[in-house]
Structures are given as structure tokens and as C-alpha cells.
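Heads up: the structure comes next, in C-alpha cells.
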Amino acid sequence: MSPILIRALLILFALLVVASVTIGVLAQRSPEKDWSELKKRITTWWWIVIVFALAIATPRALSLTVFAAISFLALKEYLTLIPTRRSDSMPLLWAYIAIPIQYYWVGIEWYSMFLVFIPVYVFLFLPMRMVLIGNNKNFLHSASMLHWGVMTTVFSISHVAYLTVLPSKAPETGPLLVIYLVALTECNDIAQYLWGKSLGRIKVIPKVSPNKTLEGLLGGIATTMFLAWLLGGVLTPLSGWESLGMGFLIGVTGFIGDVVMSAVKRDIGVKDSGSMLPGHGGILDRLDSLIYTAPLFFHVLYYLHF
């Protein structure tokens with residue numbers, strides 16, 4: 001690993017150490033308060049960052065395996081939430097099989113196939129396989145939900161993996177781009193939450209996400225743009241103006257990804273997508289913003305510099 005990548009990962013772990021120590025001190029000073037939920041969140045963040053570090057700092061085969069495993073767990077969680085037909089067991093199996101194939105295209109850097117495999121070939125194949133079963137009941141509903149799940153949990157997330165294999169003279173460029181994207185996406189979520197809690201008055205879409213406010217949205221976007229500009233020259237090939245634009249893009253699309261998944265969960269009738277990540281909910285609850293930010297960040301970056 002390059003020195004700058006090592007420093008970036010050390011900063012992530014240092015922030016977790018500070019958070020863990022802070023929660024420990026607060027728990028000792030105010031034992032009457034319940035800190036268990038916050039402790040769960042910090043503990044889960046340790047595991048998330050460890051997996052994240054493995055995904056960007058290991059040899060390509062292992063790195064892509066980690067990303068593929070994340071897509072597998074996300075798709076599995078999604079399929080446990082939506083109603084599926086008993087007759088669709090084989091199409092569901094083929095949806096899972098699409099995961100290693102998609103990441104294989106990433107591994108061999110076949111960019112054009114990476115782009116069209118799921119949006120075109122899987123899109124055409126899955127309903128064809130469902131037709132062969134001969135069950136017409138709820139066909140359109142089942143086919144559309146299945147492909148939407150594969151698009152979000154596999155196609156969108158695989159863009160994060162493809163960042164690690166982008167052609168560059170510096171081998172650390174890809175992992176640093178991943179750190180930049182994921183850090184800004186998560187910071188955007190946190191900033192929008194904090195600005196909304198402190199200044200929020202005007203509800204943006206109360207029927208979908210009652211806690212989302214215009215003040216939180218604008219404050220989050222501004223914070224993300226500042227962080228994008230601050231980190232852009234260190235972690236990416238982006239210029240100052242390009243970094244500000246990326247910050248705006250991530251701020252807006254991160255919000256959209258969050259509320260889209262909120263709409264999905266409200267439609268299904270659940271608060272969290274699962275319980276895999278204690279204190280956070282399910283894996284989709286952590287990936288919701290990234291589902292939107294990853295492909296858009298990737299393609300704008302690819303157009304500008306690759």
C-alpha cells in the first residue's frame with residue numbers, strides 16, 4: 001500500500017478510536033443514561049470499516065470477492081423483504097448467479113460488458129426464465145421487483161468496485177477514490193441529520209420521510225461540498241471546481257437514494273431493512289445513499305478523467 005492510502009486508513013481507524021473513547025467517557029460521566037444503542041452503532045462501525053479496509057487494500061481477487069459478498073448480502077436482504085412467488089426459485093437463483101458474473105467483468109476490466117450486462121442481458125433473461133415456468137399471476141410485479149433489486153444491490157454497488165481497477169499511473173488512485181466516495185456519502189447522511197435536527201423546520205417530503213427537512217438537505221449539501229473540495233486535491237485527480245461539483249452531486253443524490261429506500265420500506269411496511277448491523281438496521285439501510293451516489297460519481301469521474 002502507498003503511504004497516502006495507509007494514512008487515509010489510519011485516519012478512519014483513529015476517528016473510530018476517538019468515537020469509542022468518547023462514548024466510554026460519556027457512559028462513565030452519565031451512567032443514568034442509556035448509551036447501549038450508541039455503543040452498538042460504534043461497534044458496528046468498527047466492523048464496517050474493517051471490511052471496507054479489506055475491500056480496498058487487498059489484492060484484486062480478494063477485494064472483488066468482498067464487494068461481491070456485500071452485493072450478495074444486500075440482494076438477499078432485499079429478497080427477504082419483497083413478496084416473491086414460490087414458482088420463481090430458479091429466476092431467483094439466476095439473480096444470485098449474476099453477482100459473480102458482474103464482478104468478473106470488473107476483474108477483467110471489460111468496461112462495456114460491465115455497463116450492459118445487468119441493464120440489458122439480465123433484464124432480458126430473467127423475465128424470459130420466469131415465462132418458462134408458466135405462471136402468469138403477478139408476473140409483471142414479480143419481474144420488475146426482481147430486476148430492480150439486482151440493479152440496486154449488484155449493478156449500482158459494483159461501480160464502487162470498478163473504481164479500484166480504473167487505469168492509472170498510481171496504483172493507490174482507485175482505493176483513494178473509493179474512500180473519497182464512501183466518506184462523502186456517509187458524511188452527507190450525517191450532516192443532513194445534524195443540520196435537520198438543529199435547524200430543521202420545513203419538511204421536504206413528509207409522507208415518505210417525515211424527518212427530512214429543507215434545512216437539513218441544504219446544510220448537508222453545503223457541508224459535503226466543502227469536504228469534497230477539501231479532500232478532492234488529496235484523494236482524487238479532480239480540480240477544485242470539479243470537487244465542488246462532485247460534492248453537490250453526492251449531496252443531492254445521496255438524499256435521493258435515502259428517501260427512495262425509505263419509500264420502498266414504507267411500501268413494504270418495515271422500519272429497517274434488516275437487523276444485520278446492530279444499531280443501524282440492515283445492510284440496505286447503510287447502502288441506500290451509495291446506491292445512487294456510486295454510479296453517478298463513477299460515470300462523471302470517468303467522463304472527466306478517464
Side-chain angles (χ1 to χ4, degrees), residues 1-19 45 48-58 60 63 67 106 109 111 156-195 216-258 286-287 289-306:
M1 289 191 295
S2 68
I4 188 172
L5 179 57
I6 292 174
R7 286 197 296 270
L9 291 175
L10 287 176
I11 289 172
L12 290 178
F13 283 105
L15 290 173
L16 285 176
V17 170
V18 171
W45 268 117
I48 291 174
V49 172
I50 289 171
V51 172
F52 176 69
L54 288 173
I56 65 172
T58 53
R60 178 178 297 189
S63 176
F67 280 115
V106 177
E109 301 179 44
Y111 180 68
S156 289
I157 301 303
S158 67
H159 284 77
V160 184
Y162 208 107
L163 287 172
T164 65
V165 303
L166 285 174
S168 176
K169 295 179 180 179
E172 71 272 12
T173 298
L176 291 176
L177 288 172
V178 175
I179 292 176
Y180 184 78
L181 167 64
V182 175
L184 289 181
T185 300
E186 295 301 323
C187 287
N188 178 60
D189 287 348
I190 295 170
Q192 289 192 15
Y193 173 80
L194 294 177
W195 283 108
L217 172 60
L218 297 178
I221 292 174
T223 303
T224 305
M225 289 177 67
F226 171 74
L227 292 174
W229 173 81
L230 189 66
L231 298 174
V234 180
L235 301 179
T236 76
L238 298 170
S239 67
W241 285 109
E242 289 172 344
S243 296
L244 285 172
M246 282 297 193
F248 178 79
L249 178 71
I250 291 173
V252 172
T253 57
F255 171 83
I256 295 171
D258 192 352
R286 286 267 50 89
L287 295 178
S289 297
L290 199 63
I291 286 169
Y292 268 68
T293 62
L296 293 170
F297 171 81
F298 175 90
H299 290 295
V300 172
L301 178 75
Y302 194 91
Y303 174 77
L304 292 174
H305 290 278
F306 295 93

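The first residue of the sequence shown is numbered 1, and numbering continues consecutively from there.
When all heavy atoms of G254 and D189 are compared, the pair lying nearest together is O-OD1, 4.5 Å. Scanning both residues, V160 and A294, for their nearest heavy atoms gives CG2-CB, 3.6 Å. Residue L9 comes nearest to A57 through the heavy atom pair CD1-CB, 4.0 Å, listed as atom of the first residue, atom of the second, then distance. Heavy-atom minimum distance, A228 versus Y180: O-OH, 3.0 Å.
Counting only heavy atoms from C-beta outward, the side chains of L177 and L181 never approach each other to under 4.5 Å. Here the side chains of L166 and F298 are in contact, with some heavy-atom distance below 4.5 Å. Under the 4.5 Å side-chain criterion, counting only non-hydrogen atoms from C-beta, T293 is in contact with L290. At a threshold of 4.5 Å between non-hydrogen side-chain atoms, the residues V234 and I4 count as touching. Using a 4.5 Å heavy-atom cutoff, the side chains of L163 and L301 are in contact. The side-chain heavy atoms of L231 and I179, taken from C-beta on, include no pair separated by under 4.5 Å. Contact annotation: the side chain of F13 approaches that of I50 to within less than 4.5 Å [non-hydrogen atoms, C-beta and beyond]. For the pair I291 and I157, the minimum side-chain heavy-atom distance is below 4.5 Å.
Between Y302 and Y162, the ring centre distance reaches or exceeds 6.0 Å.
Rounding to the nearest 0.5 Å places CD1 of I190 at 10.0 Å from OG1 of T224.
The backbone N or O of G251 lies less than 3.5 Å from a partner atom in the side chain of Q192, making a donor-acceptor pair.
Within a 6.0 Å sphere centred on OH of Y193, heavy atoms belonging to other residues, nucleotides or ligands number 12 at most.
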Give the table of side-chain donor-acceptor pairs shorter than 3.5 Å for residues 238-248, with sequence neighbours excluded, one pair per line with atom names and distance.
{"unit_1": "S239", "atom_1": "OG", "unit_2": "E242", "atom_2": "N", "d": "3.3"}
{"unit_1": "S239", "atom_1": "OG", "unit_2": "E242", "atom_2": "OE1", "d": "3.4"}
{"unit_1": "E242", "atom_1": "OE1", "unit_2": "S239", "atom_2": "N", "d": "2.9"}
{"unit_1": "E242", "atom_1": "OE1", "unit_2": "H305", "atom_2": "NE2", "d": "2.8"}
{"unit_1": "S243", "atom_1": "OG", "unit_2": "S239", "atom_2": "O", "d": "2.9"}

